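The basis for the numbers below is simple: all heavy atoms, side chains too, and nothing from hydrogens, waters or symmetry mates. Just so you know, ligand 1 is whichever comes first in the structure, and atom 1 is the first atom listed for that ligand. All of these numbers come straight from a predicted model, not from anything done at the bench.
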Amino acid sequence: MSKKQAAKIVMVSNRGSYNLQATPEGIKPVPAISGLVSAVEPFLRKKGGVWVAWGGREAPQENSQGLRLAVPIENAAYTFHEVPLTAGEIKLYYHGFTNSALWPLCHYFLDRCHYDAREWSTYARVNAKFAGAVFEEAAEGDIIWVNDYHLALVPAHLRHRQPQLKQFFFWHIPFPHHDLLATLPWAPHILRGLLGTDVLGFHLQAYVDNFLQAAAQLLGARVDFEENIVYWEQRRIHVGAWPMGIDYRAFQRQAVEPSTRARAEELREQIGVERLALSVERLDYTKGILERLLAWERLLEEAPEWRGRAALVQIAVPSRTAVPAYRRLKEEVEAAVGRINGRFSDGSYRPVHYFWRGLPRQELVAYYLAADVMMVTPLRDGLNLVAKEYVASRCDNTGVLVLSRFAGAAQELKGAVLVNPYDIDGMAMIFNTALGMGRAEQEKRLRLLQERVRRHDVHWWMNCFHQTMALKKGEADDVSGSASS
Ligand code: GDG
């Protein structure tokens, strides 16, 4: 174990701040896009530390050595430590257990869950591998921050081998009710793995409650439901709800840039309709893309006055394309887009503009600016950052956020128009209302939304983490209290 002098943060996540790409000049780290990266990377750039993650490439064999790079290349600030995964591990751990068992289970899609013992054992082995990479980096006093359902067993590994390490774990997706979790043959292992941490964070109190109930019901752990504490192996594990924030000011800055505004104007001209609706997300069955398209089609059937006057831009970012369910969904979504455009296109008018690609950040913000209505209608979502980003980007104080009641963000975002994405007729009616909403009502709602998203931004979120870790240890240390500057 390498000993470092000052306490540092060791971030641990399946995908990290960079993807490693092979080029003729050698391996190149390419910056990755995710809410977690936007939240935490600026802190690592400022304070240093380590990010332990899979770099997204295939390792030739199981014992391949991972790269250890000083990043950013042009101005090294922290270390990226690659956890190499073989093709077999990627298949069984990543496409298999995490995305075909835990992901659908936590999003309440029991009929999509695939439980397989070989996938589970690979998941356990890969988690041990991640823990091994952390051991190589961690020194006494460091804070180890582990992220998400891919790595639920890492905390217990760390606890057993290095009990003095301070640990924080953040679970980014919903945590299901214990009745649902109990269908997973390895649920107790998942819970025991997580309970290796000192502090366990979720986006919502409802997820905290589900976790506490699961620990009590499936493990028989002693739980203080008032204080959100689990007593386990002579330790107190604090559980808390801290909904993630975004870098509000960064989105605002991007939105007021003349080049972003000009691009937004250009997009509106190109699409050429009075009212523009937008949806942006990974192409994932949890995001409710198909249901939304059906509701859009219903709107055009039932409210023909919108034909020729309103269009939906659907940006579907490619995701988990090796998982069959995701490939099938792509076909279904594209068939629906084709059918709706076939039915309602007229001259240069197209009711749905569909893109299967990710966009650069500035282009994304230009779309946020161009959109009169933002439709975020997942069937279930841990939180949803896109909804917050839209709100932050609306610098002219107009715009309507249509938000699924099953997105975690619906708990916070008073001012959004809530929908039930399973109710196609109801959703079509709400689209109609949103498209026709007057300016005064839009401004009133957006003010409420902006106030919330601005106050509970990413700096607030990072501070929650620092304060909780400091409280837990009864003292502030080197890395605490500095993220909000
Ligand atoms: C998981 C949970 C939870 C998307 N398309 C583009 C793009 N993005 C960026 C967005 C946003 C992030 O990706 C997506 O975050 P979400 O929260 O909306 O959704 P998930 O990817 O499912 O995230 C979710 C989150 O973790 C955080 O804990 O909220 O519930 O499922 O930041 O901006 N960025 C760019 N181009 C795109 O086309 N540049």
Using the six-membered ring wherever Trp is involved, compare the ring planes of [X] and [Y] and label them parallel, tilted or perpendicular (cut-offs 30° and 60°).
X      : Y      : answer
Phe97  : Trp186 : perpendicular
Tyr368 : Phe251 : tilted
Trp461 : Trp145 : tilted
Phe43  : His466 : tilted
Phe109 : Tyr285 : perpendicular

Taking distance alone, with no angle check, do [X] and ligand 1 share an N/O pair under 3.5 Å?
X      : result
Met244 : no
Glu389 : yes
Ser34  : no
Ile173 : no
His107 : no

Give the residue, atom name and distance (to 0.1 Å) of the protein heavy atom nearest [atom].
atom                    : result
atom 14 (C) of ligand 1 : Val386 CG2, 4.5 Å
atom 5 (N) of ligand 1  : Val317 CG2, 3.4 Å
atom 36 (N) of ligand 1 : Leu359 O, 2.5 Å
atom 16 (P) of ligand 1 : Leu385 N, 3.6 Å
atom 24 (C) of ligand 1 : Asp381 OD1, 3.3 Å
atom 34 (N) of ligand 1 : Ile33 CG2, 3.4 Å

Could you check which of Lys287, Lys388, Arg282, His172 puts a non-hydrogen atom nearest to atom 21 (O) of ligand 1? Arg282
For atom 8 (N) of ligand 1, the option (of Val365, Leu364, Leu36, Asn384) bearing the nearest heavy atom: Leu364
For ligand 1, the portion of Val280 having any non-hydrogen atom under 4.0 Å away: side chain
Which bit of Trp103 gets closer than 4.0 Å to ligand 1, counting heavy atoms only: side chain, backbone, both or neither? side chain
Proximity flag [X] to ligand 1, non-hydrogen atoms under 4.0 Å:
X      : value
Glu281 : no
Phe251 : no
Glu363 : no

Hey, does the Lys NZ or Arg CZ of Arg15 hover above the aromatic six-ring of Trp54, less than 6.0 Å from the centre and inside 45° of the axis? yes
Under a 3.5 Å distance rule, please check whether Arg282 uses its side chain to pair with a backbone N or O of Ser319 as donor and acceptor. no
With rounding to the nearest 0.5 Å, note down the distance linking OG in Ser100 to NZ in Lys91. 10.5 Å
Using the ring-ring contact (aromatic ring centres under 6.0 Å, His included) rule, pick out the option among Phe169, Trp171, Phe175, Phe225 that qualifies with Phe211. Phe175
Please check if the distance between the ring centroids of [X] and [Y] is under 6.0 Å.
X      : Y      : value
Trp51  : Phe80  : no
Tyr207 : His172 : no
Trp103 : Tyr149 : yes

Using protein heavy atoms only, decide if any is under 4.0 Å from atom 1 (C) of ligand 1. no
